[in-house]
Amino acid sequence: MDFKKMRPESLMMSHGYKPSLSEGAIKCPIFQTSTFVFNKAEEGKHFFEVAYGLKEQEEGEELGLIYSRLNNPDLEILENRLCLWDNAEDCAVFESGMSAISTAMLEFLAPGDLLLYSRPVYGGTDHFINHFLKKLGIHSIGFLAGESKEEIIRRIDESGLGHRLAMIHIETPANPTNALIDIELCAEIKKHYTTDEKPVVLSVDNTYMGPLWQHPLKHGADLVLYSATKYIGGHSDVIAGACLGSKASIGRIKGLRTFLGNMCGPWTGWLLMRSLETLKVRMEEQARNAVEVANYLKKHPKVERVYFLGLIPESGTAIEKEIYERQYLSPGAMISFDVKGGEKEAFTFLNNLKLIKLAVSLGSTESLAEHPCTMTHVDIAPEFKAALNISEKLVRLSVGVEYYGDIITDIEQALDKI
Ligand SMILES: *Cc1c(COP(=O)(O)O)cnc(C)c1O
């Protein structure tokens, strides 16, 4: 039997773990240990030589366990399992999505460099780019969904910093309105500015869709980033992150992770392995529910507009349809919608929800609702909020695994209160 031909969901319970190394335990134990005992001094010497790149790893040789800031079985097995979904060579897990994103940016950007990024990006990412990276002298240019390759290239050239473009970071579908960014278009921009001396790295924050419904590496991305707090963790009980890509690029990221010390702990690694076993069933059920909820909202007289990928085939633009067909395997389970009115009406709806919880975050088993304009996206400048449709009447919904009829009943009674 060829395990390599099996689908990820078949391997999430076993891949990378040998029960015989752990007293036969069927589940990987939590290796709650800071350090590992070497059999001989020579072995310790060899492990360190490999860890610090002084000696090449031999074919098939695994890096020996040294110290939990460098490696730990719960992290390594988790990383191996995450690789299967995105068909990536390697993975690095972090204590949060933000630490995965910030570590990748710090590794591939230097003072004076230019970062191109799609707008909107996650609030924390936006803040890191426009405050912290700026303080380091790293320039940035933002672009919106729908801008053409030529427009973006013209803006980069006008900045005079095209020769310093080092990284392109995008988020698609964009939180909170599900706006689509074309990964292949970004890969062409990357190619346009890549030289022998200066590679350009393309990273995609795939938190909204991944790792099931969008595979950015297939479309020319170098790095895939996740807040594993969301669908991967999926139970609103853990904060974690991940970055996937080639052996070479993840090698660099793991190098910086070792020195920043922001790897996730063994307990977090164990929780995520447990979550991965049900990832596909959870996400598929959430997506099925989301279709029902979106169809209900679309017809409701108190709802003005629904932002949901599942509606693109009937009402999207030609460009949206093309990107949707090429990039996505499902419409996902994130829905935003405009209620008729403004903040008052949106808050009345949110305050009256009973089953659905009023909270930020997304991708969990329970349905969550929030108000992007005053909560997750409060920091975005007013002129951008208007351009991005982040208005006072917008509500964001993360659809959970409850029975869809009960989710709709809750939405119905809360809309009735407006
Ligand atoms: C939540 C989120 C992040 C940040 O992840 P944390 O785990 O909270 O640090 C980054 N990107 C997106 C799209 C997110 O939704």
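Numbering of ligands and ligand atoms starts at 1, following listing order. Heavy atoms only: backbone and side chains are in, while hydrogens, waters and symmetry mates are out.
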Between ligand 1 and the protein, which N/O pairs fall short of 3.5 Å?
{"residue": "ligand 1", "atom": "5 (O)", "partner": "Ser227", "partner atom": "OG", "Å": "3.0"}
{"residue": "ligand 1", "atom": "7 (O)", "partner": "Gly97", "partner atom": "N", "Å": "2.9"}
{"residue": "ligand 1", "atom": "7 (O)", "partner": "Ser227", "partner atom": "OG", "Å": "2.8"}
{"residue": "ligand 1", "atom": "7 (O)", "partner": "Thr229", "partner atom": "OG1", "Å": "2.6"}
{"residue": "ligand 1", "atom": "9 (O)", "partner": "Gly97", "partner atom": "N", "Å": "3.1"}
{"residue": "ligand 1", "atom": "9 (O)", "partner": "Met98", "partner atom": "N", "Å": "2.8"}
{"residue": "ligand 1", "atom": "11 (N)", "partner": "Asp205", "partner atom": "OD2", "Å": "2.7"}
{"residue": "ligand 1", "atom": "15 (O)", "partner": "Lys230", "partner atom": "NZ", "Å": "2.7"}

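- Salt bridge annotation for Glu158-Arg155: absent, with no cationic side-chain nitrogen under 4.0 angstrom from a carboxylate oxygen.
- Taking 4.5 Å as the limit, every side-chain heavy atom of Leu65 sits out of range of all side-chain heavy atoms of Asn72.
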Could you walk me through whether Tyr17 and Arg81 pass the side chain to side chain contact (heavy atoms under 4.5 Å, CB included) test, one step at a time? CA-CA 10 Å; Tyr17 171 66; Arg81 290 183 187 176; 3.6 Å; yes

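- Sequence neighbours left out, the pairs with a member in residues 243-272 that pass side-chain hydrogen bond (donor to acceptor under 3.5 Å, both in side chains) are Glu79-Lys254, Glu79-Arg257, Asp90-Lys254, Thr103-Asn262, Glu107-Arg252, Ser246-Ser249.
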Show your reasoning for whether side chain to side chain contact (heavy atoms under 4.5 Å, CB included) applies to Ser391 and Asp338. CA-CA 8 Å; Ser391 66; Asp338 290 332; 3.9 Å; yes

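- A salt bridge is absent between Asp182 and Lys149; no separation between the charged side-chain nitrogens and carboxylate oxygens falls under 4.0 Å.
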